[in-house]
Amino acid sequence: MSSNPVAETVASLMPRARAELTELVAFRSVADFEQFPRSESEAAANWVADALTAEGFQDVALLDTPDGTQSVYGYLPGPEGAKTVLLYAHYDVQPPLDEAGWQTPPFELTEREDGRWYGRGAADCKGGLIMHLLALRALKADGGIPVHVKFIAEGSEEQGTGGLERYAEAHPGLLDANAVVIGDAGNFRTGLPTVTATLRGMTMLRVRIDTLEGNLHSGQFGGAAPDALAALIRVLDSLRAKDGSTTIDGLTPDASWEGLAYDEEQFRKDAKVLDGVELIGDGTVADRIWARPAVTVLGIDCPPVVGATPSVQASARALVSLRVPPGIDAAEANKLLRAHIEAHTPWGARVSIEQVGQGQPFSADTGSPAYAAMAEAMAVAYPGQEMQYAGQGGSIPLCNTLASLYPHAEILLIGLSEPAAQIHAVNESVSPQELERLSIAEALFLRNYAAG
């Protein structure tokens with residue numbers, strides 16, 4: 001990598017990158033303002049805006065999106081007649097979950113013995129913001145940036161509340177570009193350059209079951225009084241077959257993945273599955289996580305074990321997520337999930353369902369010129385490695401919004417969220433080597449794409 005000026009510049013900028021990522025990770029920018037102060041997200045947004053201004057971006061603005069969060073926009077003009085490339089990342093993060101499970105403070109970027117940098121958002125997706133900045137700085141130092149650059153940093157991607165999507169729809173010219181680089185995906189494994197060709201969409205529901213006017217003594221009434229928690233458990237259990245496959249009435253669960261294979265033993269290691277515990281579902285691992293629907297119970301509201309009383313529960317709630325693969329409409333999947341829950345609620349219990357979030361699946365056109373330009377760039381950034389195409393089980397709802405608004409745009413997904421990063425879990429981390437290589441790849445992509 002040190003044989004070309006772009007690589008040399010990126011290498012020299014890595015200490016600055018670490019310092020900036022340290023500043024970004026310190027913001028507790030979880031866009032759930034019932035849990036974390038709004039001021040933390042606003043401070044992170046201002047940090048991004050200041051960084052864009054310092055890099056010479058014009059029209060830098062904090063966009064107040066309909067979900068009550070802010071996205072950060074900037075425009076950096078390139079040569080006359082040049083193509084326009086939109087760079088995307090998000091500065092909001094998942095909650096740290098059990099802070100006691102972190103070996104180092106979640107909002108304090110920390111290098112550990114393995115050389116990785118640990119902290120919430122280090123890979124997903126504050127590291128993506130730094131990746132974009134590194135690529136642009138490297139090009140500026142080596143002859144200039146050959147394209148017009150639009151930069152958008154979202155403030156609520158992890159919440160799935162659609163603020164930026166709705167804003168883009170209301171301002172359809174704002175994010176228009178020839179190509180879009182979404183910096184929120186990841187390599188199939190560390191050191192293997194990968195573009196993400198498909199994303200599962202998602203729908204999320206909050207389910208509440210009520211059976212009684214109030215809790216009752218389990219000794220006096222248990223056995224005849226309908227238990228809301230038991231009813232909820234029955235409903236949630238109906239969403240899976242005996243082998244763990246997702247079973248929602250009317251939803252087809254048997255699609256296949258035709259691309260890069262995912263070795264089952266490697267998946268067990270990546271997922272840190274305990275010895276003796278089976279994987280769930282059928283088909284290949286890639287089928288299960290990239291090509292098929294998958295339901296997950298994200299949370300249940302019920303009495304904790306500590307302090308629980310001998311009571312029949314009158315009410316219980318759960319947050320249910322359904323990942324929707326390409327080929328299935330998320331709105332239709334949402335209807336089927338709601339109908340399934342209602343049909344499988346036992347004992348005439350009252351069930352109410354609230355929509356929390358929804359996003360369509362995405363499938364990229366990997367035969368476009370932008371992908372050829374990225375393949376050439378990644379071959380330089382990762383010597384001896386050929387760019388791979390993989391799916392991703394997660395969702396980035398903005399991709400479909402951009403594809404709908406700008407059908408001419410070529411959309412690529414790269415990023416730092418390879419399996420070892422453990423995004424959304426405790427002890428999230430980023431590989432500085434991946435940050436360096438992908439920054440080089442992005443810079444070279446912009447140059448290749450401009451010349452194509």
Side-chain angles (χ1 to χ4, degrees), residues 44-65 69-92 125-126 128-140 144-157 163-185 362 364 368-370 373-374 377 396-415 438-439 441-452:
N46 278 289
W47 189 99
V48 177
D50 290 345
L52 295 183
T53 300
E55 294 301 322
F57 277 78
Q58 301 174 3
D59 306 323
V60 176
L62 299 175
L63 311 177
D64 293 321
T65 59
T69 64
Q70 294 178 316
S71 291
V72 187
Y73 172 82
Y75 174 69
L76 187 64
E80 185 177 353
K83 297 174 182 176
T84 299
V85 177
L86 173 68
L87 304 180
Y88 167 90
H90 61 86
Y91 67 82
D92 70 303
C125 180
K126 292 175 176 178
L129 291 166
I130 301 300
M131 177 185 72
H132 292 326
L133 292 174
L134 280 172
L136 296 175
R137 289 166 182 164
L139 288 173
K140 287 170 68 176
I145 299 171
V147 294
H148 304 296
V149 176
K150 293 182 178 181
F151 197 112
I152 190 72
E154 189 173 3
S156 58
E157 191 275 340
L164 181 56
E165 293 99 274
R166 303 294 83 76
Y167 191 96
E169 290 165 350
H171 303 81
L174 183 70
L175 303 182
D176 192 6
N178 300 103
V180 181
V181 180
I182 303 287
D184 192 24
F362 172 78
S368 67
M374 182 62 79
I396 306 175
L398 182 66
C399 285
N400 280 90
T401 300
L402 296 178
S404 176
L405 289 173
Y406 319 119
H408 60 276
E410 303 174 69
I411 301 177
L412 302 98
L413 295 101
I414 63 172
L438 284 169
S439 299
E442 181 168 286
L444 296 177
F445 159 76
L446 293 173
R447 182 173 288 171
N448 295 344
Y449 187 65

Go through Leu175 and Val180 one step at a time and tell me if the side chain to side chain contact (heavy atoms under 4.5 Å, CB included) criterion holds. CA-CA 9 Å; Leu175 303 182; Val180 181; over 6 Å; no
What are the two closest heavy atoms between [X] and [Y], and how far apart are they?
X	Y	value
Phe445	Ala370	CE1-O, 3.4 Å
Ala441	Met374	O-SD, 4.4 Å
Ala373	Tyr449	CB-N, 3.9 Å
Ser156	Gly163	OG-N, 4.2 Å
Val72	Ala45	CG2-O, 3.5 Å
Ala177	Thr84	CB-O, 3.5 Å

Side chain to side chain, [X] and [Y], heavy atoms closer than 4.5 Å:
X	Y	value
Glu157	Ile396	yes
Thr69	Asp92	no
Leu62	Asn46	yes
Val181	Glu442	yes
Ile182	Phe362	no
Lys150	Asp176	yes
Leu129	Phe151	yes
Glu410	Asn178	no

Say whether, by atom type as modelled, one donor and one acceptor occur between the side chain of [X] and the main chain of [Y] under 3.5 angstrom.
X	Y	value
Tyr406	Ala179	no
His148	Val85	no
Thr53	Ala49	yes

Evaluate the ring planes of His171 and Tyr167, with Trp represented by its six-membered ring, and classify them as parallel (under 30°), tilted (30 to 60°) or perpendicular (over 60°).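 His171 vs Tyr167 ring planes: parallel.
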Assess the residue pair Met131 and Ile414 against the criterion (side chain to side chain contact (heavy atoms under 4.5 Å, CB included)); give the C-alpha distance rounded to whole Å, side-chain angles, the decisive distance to 0.1 Å, and a yes or no. CA-CA 10 Å; Met131 177 185 72; Ile414 63 172; 4.1 Å; yes
Looking at [atom1] of [X] and [atom2] of [Y], how far apart are the two atoms once the value is rounded to the nearest 0.5 Å?
X	Y	atom1	atom2	value
Lys83	Leu446	NZ	CG	11.0 Å
Cys399	Leu413	SG	CG	4.5 Å
Glu55	Asp50	CD	CG	12.0 Å
His132	Leu438	NE2	CG	10.5 Å
Ser439	Arg137	OG	CZ	10.0 Å
Ile152	Leu86	CD1	CG	7.5 Å

Take Leu398 and Asp184, measure what side chain to side chain contact (heavy atoms under 4.5 Å, CB included) needs, and give me the verdict at the end. CA-CA 11 Å; Leu398 182 66; Asp184 192 24; over 6 Å; no
Looking only at the side chains, is there a donor atom on one of Glu165 and Thr401 sitting less than 3.5 Å from an acceptor on the other?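 There is no such pair (donor and acceptor under 3.5 Å, judged by atom type) between the side chains of Glu165 and Thr401.
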Applying side chain to side chain contact (heavy atoms under 4.5 Å, CB included), run through Tyr73 and Leu52 and close with a yes or a no. CA-CA 9 Å; Tyr73 172 82; Leu52 295 183; over 6 Å; no
